[in-house]
Enquirer: 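Pasting a structure here, questions to come.
Model, not experiment: these values are computed from the prediction. Read the numbers this way: they start at 1 and go in the same order the structure lists the ligands and their atoms.
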Amino acid sequence: MMNEDELHNITRLPKVELHLHHEGAAPPAFIRGLAQEKSVNLDGVFAPDGSYAFRDFVHFLSVYEAATQVLRTPDDYARLTTALLEECAANDVIYLESFISPDFCGGGDVGAWREYLHAIQEAADAAERDHGIILRGIVTCIRHFGPEIAKASARCAVETAGDWIVGFGMGGDENKGEQKDFAYSFDMAREAGLHLTTHAGEWGGAKSVRDAVQDLGVERVGHGVQAIDDPALVDLLVEKGITLEVCPGSNVALNVYPNLGAHPIEKLRQSGVKVTVSTDDPPFFHTTMRDEYFNLARTFGWDASVFKEINETAANAAFCDDGTRKRVLEQLERT
Ligand code: ADE
Ligand code: ZN
């Protein structure tokens with residue numbers, strides 16, 4: 001059993017976070033402030049205590065989209081970027097990849113998307129100067145908007161692929177359609193040199209993870225935790241060196257697992273799967289990276305060496321260029 005000092009020290013380790021939704025990281029007070037400025041009615045989005053209110057995953061997605069309505073301009077996204085990077089830096093995150101969706105940033109129009117991206121990058125550059133935190137973007141399509149709308153997101157991704165937009169991914173309702181319905185968009189992104197990830201095995205079972213690997217050719221999987229139910233798939237993930245972007249607090253908050261003790265992250269790690277730790281949508285799920293580390297250390301007895309290994313795994317699976325990766329690994333090495 002770790003004492004309080006040891007647990008505290010673990011929460012202060014430098015961290016690499018690979019799975020965070022840009023809008024999902026918006027503090028409720030930030031969204032309320034914008035709603036007031038713009039006179040947008042957000043009835044039903046907040047609980048009486050001011051936190052986000054939702055009953056289940058599908059309701060969460062609709063509350064998420066309702067809250068996102070107040071983010072209407074590139075400047076709103078710049079302000080959001082500043083707020084979320086300050087919070088991540090306060091949690092000792094040194095490198096972050098966030099999911100940014102053209103559907104919310106310009107409605108899939110490439111010209112408008114470029115303006116949003118420019119504003120986000122300017123805010124990220126300032127945060128790197130002020131706090132040392134490095135941000136890179138993963139363009140994200142939204143599964144329940146369907147394969148045609150996803151193609152518009154993929155076009156935005158292709159047009160802006162480079163050192164900063166480093167990946168293409170998919171979030172949204174995993175119970176809608178199949179991974180392969182989005183193969184055209186993922187192929188476009190791959191051909192533009194982008195790295196690939198998709199949400200799978202959060203709701204769609206082990207089969208969805210297998211489909212993600214076989215039909216979309218992703219290198220990383222968002223969540224992926226339900227792979228634990230298929231031992232042959234676990235072996236495949238190990239053999240292919242697929243990294244899972246595991247978000248334990250999100251899975252417990254959305255009741256994928258009843259509590260952290262029942263969560264498969266430790267079993268996956270013990271099986272040799274590359275696991276990493278992220279927060280997904282931290283204010284929605286009442287979590288932070290420091291909370292995640294605290295809870296994992298307390299529940300599974302993970303010590304600093306386990307977290308160091310997980311952060312090195314995350315840095316090695318990051319979609320950034322090798323020069324940036326080296327800087328991140330050197331920073332991890334110093335602790
Ligand atoms: N978008 C934001 N959070 C998500 C999650 N946990 N799963 C799927 N899509 C999301
Ligand atoms: Zn997610």
Enquirer: Tell me, which protein residue and heavy-atom name are nearest atom 1 (N) of ligand 1, and how many Å apart are they?
Expert: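 Ranking protein heavy atoms by distance from atom 1 (N) of ligand 1, first comes His21 CE1, 3.4 Å.
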Enquirer: Short list, please: which atoms of ligand 1 are under 4.0 Å from a heavy atom of Phe57?
Expert: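 The list of qualifying atoms is 5 (C), 7 (N), 8 (C).
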Enquirer: Give a yes or no on whether a salt bridge exists between Glu309 and Arg269, defined as a side-chain N under 4.0 angstrom from a carboxylate O.
Expert: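 Counted as a salt bridge, because a side-chain N and a carboxylate O are separated by less than 4.0 Å.
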Enquirer: Hey, which atoms in ligand 1 end up nearer than 4.0 Å to a heavy atom of Tyr64?
Expert: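 Listed by number with element, the hits are 2 (C).
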Enquirer: Output yes when the distance from some N or O of ligand 1 to some N or O of Asp280 is under 3.5 Å, and no in every other case.
Expert: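 The answer is yes, given that Asp280 and ligand 1 share an N or O pair closer than 3.5 Å.
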Enquirer: Report yes or no: does Thr299 contribute a side-chain atom to a donor-acceptor pair with the main-chain N or O of Gly261 at less than 3.5 Å?
Expert: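 No: the side chain of Thr299 does not pair with the backbone of Gly261.
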Enquirer: How far is atom 3 (N) of ligand 1 from the closest protein heavy atom, and which atom is that?
Expert: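 Going by distance alone, atom 3 (N) of ligand 1 is nearest to Asp281 OD2, 2.7 Å.
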Enquirer: Is the shortest heavy-atom distance from the side chain of Arg136 to the side chain of Tyr95 under 4.5 Å?
Expert: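 Heavy-atom side-chain distance check passes, below 4.5 Å.
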Enquirer: Test question: given the 4.5 Å side-chain rule for I, L, V, M, F, W and Y, name all other residues clustered with Phe99, or answer none.
Expert: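 The other cluster members (ILVMFWY side chains, heavy atoms under 4.5 Å, direct or chained) are Ile138, Val166, Phe319.
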Enquirer: Once salt bridge (charged side-chain N to carboxylate O under 4.0 Å, His left out) is applied, what residue pairs with a partner in residues 187-198 remain, sequence neighbours excluded?
Expert: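 Qualifying pairs, neighbours excluded: Asp187-Arg190.
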Enquirer: Taking salt bridge (Lys or Arg N to Asp or Glu O under 4.0 Å) as the definition, give me every residue that meets it alongside Glu239, ordered by chain and number, with sequence neighbours left out.
Expert: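 Listed in chain order: nothing, the list is empty.
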Enquirer: So, 4.0 Å and heavy atoms of Phe284: is ligand 1 close enough to count as a contact?
Expert: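 False for this residue.
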Enquirer: Does the distance from a Lys or Arg side-chain N to an Asp or Glu carboxylate O, for Lys207 and Glu178, drop under 4.0 Å?
Expert: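 Counted as a salt bridge, because a side-chain N and a carboxylate O are separated by less than 4.0 Å.
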Enquirer: Below 4.0 Å from any atom of ligand 1, is there a heavy atom belonging to Gly172?
Expert: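 Distance cut 4.0 Å: Gly172 passes for ligand 1.
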Enquirer: Are a donor atom and an acceptor atom from the side chains of Glu87 and Thr288 found within less than 3.5 Å of each other?
Expert: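 No, no side-chain donor-acceptor contact under 3.5 Å.
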Enquirer: Between Asp125 and Gln121, does any side-chain donor sit less than 3.5 Å from a side-chain acceptor?
Expert: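 There is no such pair (donor and acceptor under 3.5 Å, judged by atom type) between the side chains of Asp125 and Gln121.
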Enquirer: Using a cut-off of 2.8 Å, count how many protein N, O or S atoms are strictly closer to the Zn ion (ligand 2).
Expert: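 Under the 2.8 Å cut-off, the count stands at 4.
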Enquirer: What do we get for His223 next to ligand 1 when only non-hydrogen atoms under 4.0 Å count, side chain, backbone, both or neither?
Expert: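 For His223, the contact with ligand 1 is made by the side chain alone.
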Enquirer: Does any N or O atom in Glu202 lie less than 3.5 angstrom from one in ligand 1, N or O only?
Expert: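 Checking ligand 1 against Glu202, an N or O pair does fall under 3.5 Å apart.
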Enquirer: In plain terms, say whether Lys326 and Glu330 are close enough for a salt bridge, that is, a side-chain N and a carboxylate O under 4.0 Å apart.
Expert: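 Result for this pair is yes, salt bridge flagged.
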Enquirer: Is it the side chain (CB and beyond), the backbone, both or neither of Phe99 that lies under 4.0 Å from ligand 1, heavy atoms counted?
Expert: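 None of Phe99 does.
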Enquirer: Check this for me, if you would: do Lys308 and Glu312 make a salt bridge, where the nitrogen-to-carboxylate-oxygen distance has to be below 4.0 angstrom?
Expert: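 Yes, charged N to carboxylate O under 4.0 Å.
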